[in-house]
Structure formats: C-alpha cells, structure tokens
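Within every chain, numbering begins at 1; the chains are lettered A, B, ... in the order of the sequence lines, protein sequences first and strands thereafter.
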Amino acid sequence: MSTSTNADSDLDTYELITRNADEVVTDEEVRELADDPDGKRAYVGYEPSGVLHIGHLLTANKLIDLQNAGMEVVVLLADVHAYLNGKGSFEEIRETAEQMKAQFLAYGLDDDTTEFVYGSEYQLEEEYTLDLHTLELETSLNRAQRAMAELQGGETAKVSHVVYPLMQALDIEYLDLDLAVGGMDQRKVHMLAREELPTLDYDVRPALHTPIVADLTSGEGKMSSSTGVTISMEDSTEELEEKVNSAFCPPTRDPDGDLENPVLELFEYHVFPRFEEVVVERPEKYGGDLTYTAYDDLAADLESGELHPADAKGTLSSYLDELIAPGREKLRELRS
RNA sequence: CCGCCCUUAGCUCAGACUGGUAGAGCAGUCGACUGUAGAUCGACUUGCCCCCCGUUCAAAUCGGGGAGGGCGGACCA
C-alpha cells in the first residue's frame, strides 16, 4: 500500500498544515506555528463512539498531516462530554473509547506522537471545575447556546448542553495546546474559547477547521442530518461498494443549487491526502486505466467527461476500502 | 407551585367536536430510463394512534389518572 509520507515532501509545512482546511483562525498565528512546528501540540476532541465513521476520519487525516509536519497530536477521548450528552455510564463510555483509540491507531495515527487523553483525567479536578464556573459566570446563556451542538430530533436542551462547549474551551488550556482542530461545526466553540480564555488570563490559540462532507446520497451540504448513509469502519467491502455506488454523483464539481458532489469530496479529503497515486481501472472499451497524482486532475476529467462517474465510484470504493481495512480488522479482533 | 396547549408512519402533520380498529406530504424500498447517482415516470412498504384504568357491543376519538414536551404566570390589563 502506498500511503504517503514522502509525497508530502513537496508541500511546505504551512501548506501541509492547512491543506483541505475550510477555515484557519488566524492565518498569521498558524504561519507562526508552521515556522517551528516541532513539539507543538494540536488536538481534536471526540465523543467516544464504538465505530469510527467518515467524519472522524476527516479530522484524523488532518491530524496525520500535522504529525507529518512535526507536531504532536492529542486525541481527547471526551468521556465527560459524552456523559453530559447522555451517552451512558462512564463504564460504557470508556469501553467505546478504547475501541475508538484502537481504530485511530489502525487507521494510521502515529503511535509515538499521539497522546490519547481521557477527559475525566483532569476535568473533574478542583482547579478545572472552578475555572469552569468562572466561565459559566462570564458567558451569557445565549452565547453558550449558540456554541452548543445541535440537538438530536426530539431531544430537549439541558443545562449540560450549554456547559459542554465551555468545557471544550477550557480543554484547550488544560491540554496545553498550540492548535485546536475540528470540523466546521466546531467553529463557534473555538471562537468562544478565543474570546473567553483571556478572561481567565489564558492564551488564545489558533484553530483549524475541516470541511463537513456533504451527504452521500443527496449531496446536500453542511446541514446534512444524521439520517443519511455514512461510511464507517465496520462496513464490509460489499457494503462500501453499495454505498458509494448509490451516492449522488453528477459529472461536475459544482452541481446546481446548494449541492455538492460527495464522490469528489471523498476523493479530495480522504483519498488523495493518503495516496500518492490513484489508479482508475477501466476496461479497454472505455479507454483503459487512468492514473492521477492530484485531485484537481481527476476532478477536471470527471467534469470533461473523460472520467465517467461509474468508474470514479468503483475507484473510490476500492481506495476507501483500503483505508478502512485495518480498522475493520481491528474491530473484528476487539469483538471476538 | 398554578394555568393553558401538545403527544398519531423515519419526519411534518390531518383525523378527535358528531366512537365503528388510520390518512396525506416528504422520506424510504423496488422496477423503467440513463454505462453511476440524481431528475422523471411506474409500483410498493411503513404504525404498542405516549402509558394505565374506566364507559361502551365497539375507543386514536369519550371520562379519570400518569408520563414526556412546549408556552405563560411584574406592569400595561
């Protein structure tokens, strides 16, 4: 398998750190980081879940970029946050967190430069708690509400839901970070952190936000609900093929309306960052194999008609399968 | 604590006044058409009608109790 490390050598550190990011806050701060990335700490917080899905893997790709850039990575296994969100008992949450950790390592996070931290290791201590109460005092309910995660259907807003983002803000200080990473859905949390940490005399850290990939079947962007089909670590090769094949994929990078092309997005954010070379295997009657080393070339060919969506899909599912295979194997071990 | 309103398909909701074991839109599934998907046609599926007790030949519907959710309870009045 041709997972890349060397392919990134032609990118400079700043480009590597920021590639595929939707938003960098702020550019100057991140450039400063890029000047001397060694030993700098970046993090993503995840609510433990037993099986990783494509959304987790998108931020994981970014973490791998950051490791390749020389940074240290902290993965917060946010058990206390999960608890606040009603995800079960601490025991249950820990168990899924351990599975999550194993899958991240199988996926390709570097064992030596990745630190996995449980929230409960420090979030229940007195100092943290008092800081949290200070933040509660400083933050309007309205502000916290805007930063909190969207509620699931039928769920009622609880006090825990507004405490949640405040804790995320504090984590950035307590984990001693230099960079906060998250999907675009986390931007309000990070902005809140940037605004409020100084009131506790803590430093402001830059943030980097990855895109939210459009819903596979509809192509609808950002707001895509959790009802959609999602690719996960436990998908079999066949399920993966089926899901990718049923994905929305007009032969264009920019479909009408607010829609995105999810197949292209998956190539851009999941395949090309991790493979030096993408080979489209095609029967002779359709023109034979094609080889790409850059996403833009593939997208341009899809647009021009040189690459048919059906061939793009077949290729996509086989590369995704390769990415997922180690984690799938790991899950099987864990469950046996 | 008090008052009013809500709870029916995965979702948004009709149906309740005038009891007769449930409907629409969207979603979903399957075909047709496309070398993908979508769009478009064609077909199809979906229900502890929040729970318990009662009235009745018969309860989603009426009565009582309970649970969950929403809104309101200074002045203007």
Problem set entry | C1'-based separation of B:rU8 from B:rG68 [nearest Å] | 16 Å
Exercise. With both distances under 3.5 angstrom, what nucleotide forms a Watson-Crick or G-U wobble pair with B:rC17?
Worked result: none
For this session: Just name whichever nucleotide pairs with B:rG35, Watson-Crick or G-U, keeping both distances under 3.5 Å, else none.
Result: none
Exercise. With sugar-phosphate meaning primed atoms plus P, OP1 and OP2, does A:Pro251 contact a base, only sugar-phosphate, or nothing at under 4.0 Å between heavy atoms?
Worked result: base
Problem set entry | Opposite nucleotide pairing with B:rG54, Watson-Crick or G-U, both atom distances under 3.5 Å | B:rC62
For this session: Search all heavy atoms of A:Asp203 against all heavy atoms of A:Leu197 and return the closest pair with its distance.
Result: O-CD1, 3.7 Å
Problem set entry | Any-strand Watson-Crick or G-U partner of B:rG25, both distances under 3.5 Å | B:rC11
For this session: Would you kindly give the CZ-to-P distance between A:Arg253 and B:rG38, to the nearest whole Å?
Result: 23 Å
Seminar exercise, completed: A:Leu316 CG to B:rU36 P, in whole Å, measures 17 Å
Exercise. Can you tell me how far C1' of B:rA39 sits from CG of A:Asn261, to the nearest Å?
Worked result: 15 Å
Exercise. How are the rings of A:Phe104 and A:Tyr46 set relative to one another: parallel (under 30°), tilted (30 to 60°) or perpendicular (over 60°)?
Worked result: tilted
Problem set entry | Protein-nucleotide distance (A:Asp215, atom CG; B:rA27, atom P), rounded to Å | 13 Å
For this session: Considering only atom P, compute the distance from B:rG25 to B:rC41 and round it to an integer number of Å.
Result: 14 Å
Exercise. Between A:Ser89 and A:Arg94, does any side-chain donor sit less than 3.5 Å from a side-chain acceptor?
Worked result: no
Problem set entry | Any-strand Watson-Crick or G-U partner of B:rC71, both distances under 3.5 Å | B:rG3
Exercise. Taking the six-membered ring for Trp, are the ring centroids of A:Tyr122 and A:Tyr128 within less than 6.0 Å of each other?
Worked result: yes
Seminar exercise, completed: Looking only at heavy atoms, the pair that brings A:Gly219 and A:Pro262 closest together is CA-CD, 4.0 Å
Problem set entry | Same-atom distance (P) from B:rU61 to B:rC44, integer angstrom | 31 Å
Problem set entry | Interatomic distance at C1', B:rA24 relative to B:rA14, whole Å | 7 Å
For this session: Write down the distance separating the P atoms in B:rG70 and B:rA32, rounded off to the nearest Å.
Result: 48 Å
Exercise. Which listed nucleotide (B:rG38, B:rU36, B:rG35) is nearest to the side chain of A:Phe248?
Worked result: B:rG38
Problem set entry | Rounded interatomic separation in angstrom, taking CG from A:Leu264 and C1' from B:rG38 | 14 Å
Seminar exercise, completed: If pairing means Watson-Crick or G-U wobble with both distances under 3.5 Å, then the partner of B:rC48 is none
For this session: Round to the nearest Å and state the distance from A:Glu242 atom CD to B:rU36 atom P.
Result: 17 Å
Problem set entry | Under 3.5 Å on both distances, the Watson-Crick or G-U partner of B:rC76 | none
Exercise. What's the CG-P distance between A:Asp311 and B:rU36, to the nearest Å?
Worked result: 11 Å
For this session: Taking the side chain as every heavy atom from C-beta outward, state whether A:Val44 and A:Leu63 have any atom pair closer than 4.5 Å.
Result: yes
Exercise. Expressed as a whole number of Å, how far does the P atom of B:rG47 sit from that of B:rG10?
Worked result: 8 Å
Problem set entry | Closest to side chain of A:Thr156, choosing from B:rA37, B:rG35, B:rG69 | B:rG69
For this session: May I ask which nucleotide in the shown strands pairs with B:rC30, Watson-Crick or G-U wobble, both distances under 3.5 Å?
Result: B:rG42
Exercise. Distance between the P atoms of B:rC49 and B:rA37, in whole angstroms?
Worked result: 38 Å
Exercise. Is it true that the side chains of A:Tyr174 and A:Asp131 contain a donor and an acceptor less than 3.5 Å apart?
Worked result: yes
Problem set entry | d(CG, A:Leu307; P, B:rA37) in whole Å | 16 Å
Problem set entry | Separation between the P atoms of B:rU56 and B:rG72, rounded to whole Å | 42 Å
